[in-house]
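A quick write-up on the structure given underneath.
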Amino acid sequence: MPRSVNHVASRNRRKKVLKLTRGYIGARKNVWTVAKNTWEKGLTYAYRDRKNKKRNFRALWIQRINAAARLQGMSYSRLMGALHKNEIDINRKVLADLAMNHPEAFKAIVDKVK
């Protein structure tokens, strides 16, 4: 009796991965083993970089707050320390947005903690 293989399911599984690798260069888009490895590696990069994205944005916000604080004659660390001491709970994302788009509001916050 011949061996039974579910070729429909395995072909669909391969086609699904090859469809996801469309746009890749060379064998990465149409050779099954290369495409599968590339796709799996891409998933690990995506997972890692979702974490790195948060890290990069926090660093950007800190740089923007520091630049705006120095225009007001205060360093970033002194500003954050004063905010915590005065129990003003405002996160870095909002502070950076105020520093970039509403400098008068940021100045008011700095004046309050001075």
Side-chain angles (χ1 to χ4, degrees):
M1 187 171 163
R3 185 168 72 100
S4 172
V5 287
N6 191 355
H7 193 63
V8 174
S10 58
R11 184 174 27 329
N12 286 340
R13 197 165 43 246
R14 289 186 192 116
K15 277 175 65 176
K16 184 174 70 175
V17 171
L18 289 172
K19 186 178 178 190
L20 291 169
T21 57
R22 263 185 24 213
Y24 289 10
I25 294 173
R28 294 171 154 236
K29 70 173 170 275
N30 55 14
V31 176
W32 161 244
T33 52
V34 180
K36 183 171 70 82
N37 291 336
T38 304
W39 172 68
E40 287 175 349
K41 186 95 177 224
L43 292 178
T44 63
Y45 285 145
Y47 178 80
R48 179 198 69 189
D49 290 337
R50 281 195 296 274
K51 313 293 179 245
N52 287 354
K53 183 178 172 185
K54 296 166 182 60
R55 186 185 313 164
N56 291 338
F57 267 103
R58 183 181 169 98
L60 176 67
W61 297 331
I62 289 172
Q63 288 172 5
R64 286 179 174 175
I65 294 166
N66 189 24
R70 287 186 186 277
L71 290 175
Q72 305 299 327
M74 203 173 206
S75 71
Y76 168 79
S77 61
R78 290 189 188 279
L79 173 65
M80 295 310 285
L83 285 172
H84 290 301
K85 194 165 117 182
N86 290 312
E87 296 178 353
I88 298 174
D89 292 328
I90 186 164
N91 63 18
R92 285 163 182 82
K93 180 179 177 180
V94 174
L95 267 177
D97 183 57
L98 289 175
M100 290 290 293
N101 300 321
H102 308 286
E104 63 283 344
F106 186 81
K107 184 178 185 325
I109 291 172
V110 172
D111 291 339
K112 184 162 174 63
V113 298
K114 271 189 177 176

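- Y24 and Y45 fall into different hydrophobic clusters, defined by Ile, Leu, Val, Met, Phe, Trp and Tyr side-chain heavy atoms under 4.5 Å apart, directly or through other members.
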Inset, instruction - For side chain to side chain contact (heavy atoms under 4.5 Å, CB included), just list the numbers for K112 and N86, CA-CA rounded to whole Å, side-chain angles, deciding distance to a tenth of an Å, and then say yes or no. - result: CA-CA 9 Å; K112 184 162 174 63; N86 290 312; over 6 Å; no

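- Under a cut-off of 6.0 angstrom, the local environment of CZ in R22 is sparse, with at most 12 non-hydrogen atoms contributed by other residues, nucleotides or ligands.
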Inset, instruction - Test side chain to side chain contact (heavy atoms under 4.5 Å, CB included) on K15 and K19 and set out the steps. - result: CA-CA 6 Å; K15 277 175 65 176; K19 186 178 178 190; over 6 Å; no

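- N91 CG to D97 CG: the interatomic distance, rounded to the nearest 0.5 Å, is 10.0 Å.
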Contacts under 3.5 angstrom, residues 55-68 side chains, donor-acceptor by atom type, not counting sequence neighbours:
| from | atom 1 | to | atom 2 | distance (Å) |
| --- | --- | --- | --- | --- |
| R55 | NH1 | N52 | OD1 | 3.3 |
| R55 | NH2 | N52 | OD1 | 3.1 |
| N56 | ND2 | N52 | O | 3.3 |
| N66 | OD1 | R70 | NE | 3.1 |
| N66 | OD1 | Y76 | N | 3.2 |

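- Between I90 atom CD1 and H84 atom NE2 the span is 11.5 Å, to the nearest 0.5 Å.
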Legend entry - side chain to side chain contact (heavy atoms under 4.5 Å, CB included) evaluation trace for L83 with I109: CA-CA 9 Å; L83 285 172; I109 291 172; 3.8 Å; yes

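- Taking hydrophobic clusters as Ile, Leu, Val, Met, Phe, Trp and Tyr residues chained together by side-chain heavy-atom distances below 4.5 Å, V113 shares a cluster with V94.
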Inset, instruction - Show your reasoning for whether salt bridge (charged side-chain N to carboxylate O under 4.0 Å, His left out) applies to K53 and D49. - result: CA-CA 6 Å; K53 183 178 172 185; D49 290 337; over 6 Å; no

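- K51 NZ: more than 12 foreign heavy atoms inside a 6.0 Å radius.
- Formation of a donor-acceptor pair under 3.5 Å by the N37 side chain with backbone atoms of T33 is found in this model.
- Interatomic distance, CG of L95 versus CE of M100, reported as 13.5 Å (0.5 Å rounding).
- The distance from atom CG of L18 to atom CZ of R28, rounded to the nearest 0.5 Å, is 14.0 Å.
- Taking both residues in full, the closest heavy atoms of T21 and A35 are given as CG2-O, 3.6 Å, listed atom of the first, atom of the second, then distance.
- Between Q72 and K114, the shortest heavy-atom distance links the atoms O-NZ, 2.7 Å.
- Atom CZ of F106 is separated from atom CG of L79 by 5.0 Å, given to the nearest 0.5 angstrom.
- Heavy-atom neighbours of K107 NZ from other residues, nucleotides or ligands within 6.0 Å: at or below the threshold of 12.
- Here the side chains of V17 and R13 are not in contact, with every heavy-atom distance at 4.5 Å or above.
- Around CD1 of I25, the count of heavy atoms belonging to other residues, nucleotides or ligands within 6.0 Å does not exceed 12.
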